[in-house]
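Below is one structure, written out as structure tokens; comments come after it.
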There are 6 protein chains.
Amino acid sequence: MEKIAIFPGTFDPFTVGHESVVNRAQGLFDKIFIAVGNNSSKDALFSLDERKEFINQVFSGNLNIEVVHYEGLTIDFCKEVNANYILRGLRTSSDFEYERAIAQVNKSMYEDIETVFFLTMPEHTPINSSIVRDIIRHGGDVRNFIPTKMNIKK
Amino acid sequence: MEKIAIFPGTFDPFTVGHESVVNRAQGLFDKIFIAVGNNSSKDALFSLDERKEFINQVFSGNLNIEVVHYEGLTIDFCKEVNANYILRGLRTSSDFEYERAIAQVNKSMYEDIETVFFLTMPEHTPINSSIVRDIIRHGGDVRNFIPTKMNIKK
Amino acid sequence: MEKIAIFPGTFDPFTVGHESVVNRAQGLFDKIFIAVGNNSSKDALFSLDERKEFINQVFSGNLNIEVVHYEGLTIDFCKEVNANYILRGLRTSSDFEYERAIAQVNKSMYEDIETVFFLTMPEHTPINSSIVRDIIRHGGDVRNFIPTKMNIKK
Amino acid sequence: MEKIAIFPGTFDPFTVGHESVVNRAQGLFDKIFIAVGNNSSKDALFSLDERKEFINQVFSGNLNIEVVHYEGLTIDFCKEVNANYILRGLRTSSDFEYERAIAQVNKSMYEDIETVFFLTMPEHTPINSSIVRDIIRHGGDVRNFIPTKMNIKK
Amino acid sequence: MEKIAIFPGTFDPFTVGHESVVNRAQGLFDKIFIAVGNNSSKDALFSLDERKEFINQVFSGNLNIEVVHYEGLTIDFCKEVNANYILRGLRTSSDFEYERAIAQVNKSMYEDIETVFFLTMPEHTPINSSIVRDIIRHGGDVRNFIPTKMNIKK
Amino acid sequence: MEKIAIFPGTFDPFTVGHESVVNRAQGLFDKIFIAVGNNSSKDALFSLDERKEFINQVFSGNLNIEVVHYEGLTIDFCKEVNANYILRGLRTSSDFEYERAIAQVNKSMYEDIETVFFLTMPEHTPINSSIVRDIIRHGGDVRNFIPTKMNIKK
């Protein structure tokens, strides 16, 4: 059976931490859908199209990785693309409790789905999209926190 | 002295986790007020009346349990109904730190109040109202996460 | 039905934190057994008899509280004394995860048992028996950390 | 080299916990700037001017402490006032993970900056500005949670 | 490239939680070595041979799973059997911090290794080998906590 | 007043994480005593003399840093050398809860002492002495985890 995973997130914006998780996980799956969800909260910085475009810059040419967006429940999107795995990165223990709740509820709603976790690298642990957004908003330099191939102009 | 507890919460909506805490705690108290507070934040799904109605469906006929709503400080409501105990469920360690702060501040403002904690059952640990709301908003099936007697139509 | 609780622990030694939990919880129960367990680990400081004697100094004359010791599983001792509640204090979030595992396993082995948690007071949060033992071993003054009525001579 | 620290925060409002950190840390620094940041979120209770005025009431006459406000990145403000240390209080382990991310990102953007942490006192651990705001909004008495010299009229 | 994982642990004894992780992970790997490590600490209950025998009872006939034991560093054993993945289950946030340290150190010593985490199921979260050992020592019934096919006689 | 700190620990062995904390903290203090405590537990790998010798290799020639050992309570040693600050590194949130208890108890026993925390750098977060010991025992290469100037032959 093909091993298909989705890597869901808001990715506002995609960071070096996300990039590293995808790169290290791709040996395990035949295909990874990087699935950009809508950020319902008010403080979105980049549009859905910008966010997808950034990620495409990083993985263009990589045939096993496809950038898509989705609405609705994550498990419904999994069924739609025949994914049996949800890929997530773990940074901290507060991440963990949130991720565990989501993953266990997903499993109880759709038994065939498994959430598989990779750790961020130690040097990426403090980096998350919310901090990166905040730095961009204040005009700071985020080049160390986003993939080299990503070209953010804000 | 009568043992009166309030079980305060936003209950947007009431879940199987809440139901289980009340059921297991009721042997310890002469009366439990399930006290529905206003959800000040923007993302309320159900109105105060709907939320009370749902809980009444679950405990109707149970004379030791009364569903009420309150505004203002929780300890002021405790004084109003002569409650000396605040009942709370604990799911995770991040819950715990938040609950501890609230409970210790309540105690320092009103020395006669004690907060008593019950654990959620293991199978209810991933379930919280925020996740249930999210599933309802996306049209998912939440019947496993809310009490059998509750009749949500959204 | 009578509300009987056991408050199990090693109590090597009993601290002001333990005392405060018992004092605040006793309004809720008809009887509390303070149940001293054997400390299997190597670093016990006080003998079982000393530990029981210390606790008796604190609660002597209080008819609702009885100091006992037990061996074997906590739930077996609960059955023996007809206790339906296990009383525990919670200090920190690392306490919490340990306590949750024990309580949930107890519940799954004996459905009629409920573990009820009280918080320690903020000023008692850093105090635990292990730190107190360490101070005693190094000749420090622990009078602020143990009940006033306890008379430790080491 | 002069030891200059900034103590950044929203301070909406300043609490006894904040006061205690500054008092205990001031022996370590030649100067502490209490740097009031803008609270971008919707639920600000006090204006920037009110918040600064409250803190000035607490430390007036203390020449080593200066109350300022700043916008933009914290590290940019550090450079502006030649501060090499950021002072922060730690209350709980969930505080810790958030503080660690911010501090490590600051360090990676500006190598000469160090974040130095002091603990809150045990009795101040449950107190944070968000809880204090909530009590004020509901007309409760917060005198035990704010510095004696602070004169809040709301 | 073949996807080979080791699932290292002390397994003293193997629990339903371990069984569930292996069952859910085996679709992702071509082969899983369940690698029983020596328990250096004093309180081992079962011998290495007993522990291996128990696990063989659970997975006998499953050609993709092999029960082995190892000494020395986990990464050295990975190299020996050409494993590029270490499989681990995550139960709680305190588990997480320990697992993260081990996994990140392994990665820094052997860049080709990735640790992949699966969550335990909610109902298995409170169960760990240490609690199971304790119950067995006190003569309690652990049949709900170990795999159905495992035949423990102590 | 002179700013004197002790940096207490078992240091079995001293790691790059410890080295980094001392290097970054030394600008804040006139003198730092690196105070090696006895490791009472069974699994000490290096003798007290070896541990002191290793640390001296790292800081030899640095007049503001002195390597000493001590027995008894940390606060008694602080009084002996006129230290008003205890310096500690923080890695993870489970570290934090332990450190907080120790620091708050020290403060309540000796009001003039303050514990000051520095964070470890992200890349050092997974490294602790216990993991390093374990690698050494199994013959692994720990050169990335200990200071460059340290010469461990085991």
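Per chain, numbering begins at 1; letters A, B, ... match sequence-line order. Note that these values count all heavy atoms, side chains included, but never hydrogens, waters or copies made by symmetry. From a predicted model like this one, the values you see are computed outputs, not experimental measurements.
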- Do F:Ser108 and C:Phe145 pass the side-chain contact (heavy atoms from CB on, under 4.5 Å) test, and can you show the C-alpha distance, the side-chain angles, and the key distance before you say yes or no? CA-CA 10 Å; F:Ser108 91; C:Phe145 308 138; 3.2 Å; yes
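To the nearest 0.5 Å, atom CD of residue F:Gln104 and atom CD1 of residue C:Ile127 are 9.5 Å apart. With rounding to the nearest 0.5 Å, the separation of OG in C:Ser93 from CZ in F:Phe96 is 9.0 Å. Going from atom CG of C:Asp134 over to atom CD1 of F:Ile102 covers 7.5 Å, rounded to the nearest 0.5 Å.
The environment of NZ in F:Lys149 is sparse: at most 12 heavy-atom neighbours from other residues, nucleotides or ligands sit within 6.0 Å.
Contact detail for C:Thr92 and F:Arg100: the closest heavy-atom pair is CG2-NH2, 3.7 Å. Between F:Val105 and C:Ile131 the shortest heavy-atom distance is CG1-CG2, 3.9 Å. Shortest non-hydrogen contact noted between F:Gly72 and C:His138 is CA-CD2, 3.2 Å.
Residues C:Ile135 and F:Met109 form a side-chain contact, since some pair of their non-hydrogen atoms from C-beta on lies under 4.5 Å apart.
Contact of F:Ile75 with chain C is not made at all, since no heavy-atom distance falls under 4.5 Å.
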